[in-house]
Amino acid sequence: LPILSPYYEDGTYRLYYRMVEGVDSNGNPNYVDRRFFNSLAEREQNENNQRALAVNGFAQLRYQILENLSYTGMFGVDLQSSDEDIYNSMKNWSGMTTGGEPGGNAHWSYANFFGWSTIHRLNYRKSFGKHEISAMAAFDAKSNDNRTISSYGSGFVNDYIRSVSYAAHRQGSSGKHSSRSLSYLGNLYYTYDGRYMIQANVRKDGNSGFGKDVRWADFASIGLRWNLHNEAFFNVPAINHLGLKGSYGSNGNSRLGANEASGIYSIGESYNYAGELGGAMSRAPNPTLSWETTYMTNAGLRLGLFDNR
């Protein structure tokens, strides 16, 4: 059960509670008023509205061009937006100063994200005699756009006017970020008689987050495999599968942070120049920043015993 009622005796919401802190020189208790953060008053007097919208879509098309050649196309879209409108009433402590001065404060923010991606791929596959060959060529494109707006205001005439636009003191900020990426890729796979396999991959990637002269990078890999258990000389009853494989190649990483290459300027009242709104560089540009490349070598042995039991 609560020790203190959220209401005064006259039915209004409680703002203070009285407690004893020591005694005076005559032994009488010292009463001190403390702020009472009334969650019931905040629930009834404040406003906190949040609205969100999310839309996700995906479409895919497959078409058999020839007996051994097929096309696959995929397209996806992602839309997310949110709107938050908050008002803290001047009648409770969430909208008062520490000294008890009423004023109210409001906060409004909006965020929007829109992204799409598409992949188009051609696949070829053919077997003849002891040979089997497959190939793939594709391109992959992505686009993302983010926009945010935020505003804050304090000092309202009354609790009926709650828009930031009518606050005595206002401040706000906004942001926008866009990114684009495009990739071309190819794959070739060949196997002979189920014994010897070779696979090669190549790709060319571009990303708008890097300097304009270093946005593109090339990556490749090659892998080999030898299934010894399919050789005529191999005869070990207990081993039903024995394979050796190895690969070497490179891949890239573009997730190095937003605006690292182009630099960032901060604009605000702190950088006023000649009475006008000004800006200052908060992060220097790095136009030569490009892909992070990793080279990898792998070797392995695959062993299956007793029919994989």
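Pairing each heavy atom of Tyr87 with each of Ala106, the nearest pair is CD1-CB, 3.9 Å. In terms of heavy atoms, Gly73 sits closest to His120 at CA-ND1, 4.0 Å. Contact record, Phe114 with Val77: CE1-CG2, 3.3 Å, taken as the closest heavy-atom pair. Residues Asn230 and Gly194 share a closest heavy-atom pair of ND2-O, 2.7 Å. Scanning all heavy atoms of the two residues, the minimum distance from Glu42 to Asn92 falls at CG-OD1, 3.6 Å. Shown here for Tyr110 and Ser81, the closest heavy-atom pair between the two residues is OH-CB, 4.0 Å.
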Would you be so kind as to tabulate the donor-acceptor pairs closer than 3.5 Å made by side chains of residues 289-305, with sequence neighbours excluded?
residue : atom : partner : partner atom : Å
Ser290  : OG   : Val214  : O            : 2.7
Trp291  : NE1  : Arg215  : O            : 2.9
Glu292  : OE1  : Asn253  : ND2          : 3.0

Side-chain donor-acceptor pairs under 3.5 Å in residues 130-141, sequence neighbours left out?
residue : atom : partner : partner atom : Å
His131  : ND1  : Tyr190  : OH           : 2.6
Glu132  : OE2  : Arg125  : NH2          : 2.4
Asp140  : OD1  : Lys142  : NZ           : 3.4
Asp140  : OD2  : Lys142  : NZ           : 2.9

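Judged purely by distance below 3.5 Å, without hydrogens or angles, the side chains of Asp85 and Asn49 never pair a donor atom with an acceptor atom. In the model, Asn123 has no side-chain atom that pairs as donor or acceptor with a side-chain atom of Ser70 under 3.5 Å. Side-chain contact annotation: His177 with Ser179, donor-acceptor N/O pair under 3.5 Å absent. Side chains of Asn46 and Ser89: no donor on one and acceptor on the other come within 3.5 Å. Under 3.5 Å, the side chains of Trp216 and Asn207 contain no donor-acceptor pair of N or O atoms. With 3.5 Å as the limit, one finds a donor-acceptor pair spanning the side chains of Asn105 and Asn88.
At most 12 non-hydrogen atoms from other residues, nucleotides or ligands lie less than 6.0 angstrom from OH of Tyr166. Residue-environment remark: CZ (Arg147) stays at or below the threshold of 12 foreign heavy atoms within 6.0 Å. Crowding of Glu9 atom CD: a count of heavy atoms from other residues, nucleotides or ligands under 6.0 Å not exceeding 12. More than 12 non-hydrogen atoms from other residues, nucleotides or ligands lie less than 6.0 angstrom from CZ of Phe58. Atom CD of Glu276 has 12 or fewer heavy atoms from other residues, nucleotides or ligands within 6.0 Å. Within 6.0 Å of CD in Gln50 there are more than 12 heavy atoms belonging to other residues, nucleotides or ligands. Atom NZ of Lys204 has more than 12 neighbouring heavy atoms from other residues, nucleotides or ligands inside a 6.0 Å radius. In this structure, Arg35 places its CZ atom where more than 12 heavy-atom neighbours from other residues, nucleotides or ligands lie under 6.0 Å away.
We find the CG-CG distance between Leu242 and Leu244 to be 6.0 Å, quoted to the nearest 0.5 Å. Considering CZ of Arg203 and OG of Ser250, their distance stands at 10.5 Å, rounded to 0.5 Å. Considering CZ of Phe37 and OG of Ser94, their distance stands at 9.5 Å, rounded to 0.5 Å. The CH2 atom of Trp116 sits 15.0 Å away from atom CG of Leu79, with the distance rounded to the nearest 0.5 Å. The CH2 atom of Trp226 lies 10.0 Å from the CZ atom of Arg195; values are rounded to the nearest 0.5 Å. Remark: Ser154 OG to Arg170 CZ distance equals 10.0 Å, nearest 0.5 Å.
Tyr31 and Met19 fall into different hydrophobic clusters, where Ile, Leu, Val, Met, Phe, Trp and Tyr are joined by side-chain heavy atoms under 4.5 Å apart, directly or via other members. With hydrophobic clusters built from ILVMFWY side chains whose heavy atoms lie under 4.5 angstrom apart, Leu122 shares a cluster with Leu66. One hydrophobic cluster, built from ILVMFWY side chains closer than 4.5 Å, holds both Tyr192 and Leu228.
Checked against a 6.0 Å centroid threshold, the rings of Tyr13 and Tyr7 count as neighbours. Tyr16 has its ring centre less than 6.0 Å from the ring centre of Trp93.
By the 4.5 Å heavy-atom criterion applied to side chains, Arg180 and Asp145 are counted as neighbours.
Comment: Arg34 engages Glu21 in a salt bridge, judged by a side-chain N to carboxylate O separation of less than 4.0 angstrom.
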Exercise. Please walk me through it: do Asp33 and Tyr17 pass side-chain contact (heavy atoms from CB on, under 4.5 Å)?
Worked result: CA-CA 6 Å; Asp33 289 331; Tyr17 68 94; over 6 Å; no
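Legend: residues meeting side-chain contact (heavy atoms from CB on, under 4.5 Å) with Ser25, ordered by chain and number and at least two apart, are absent.
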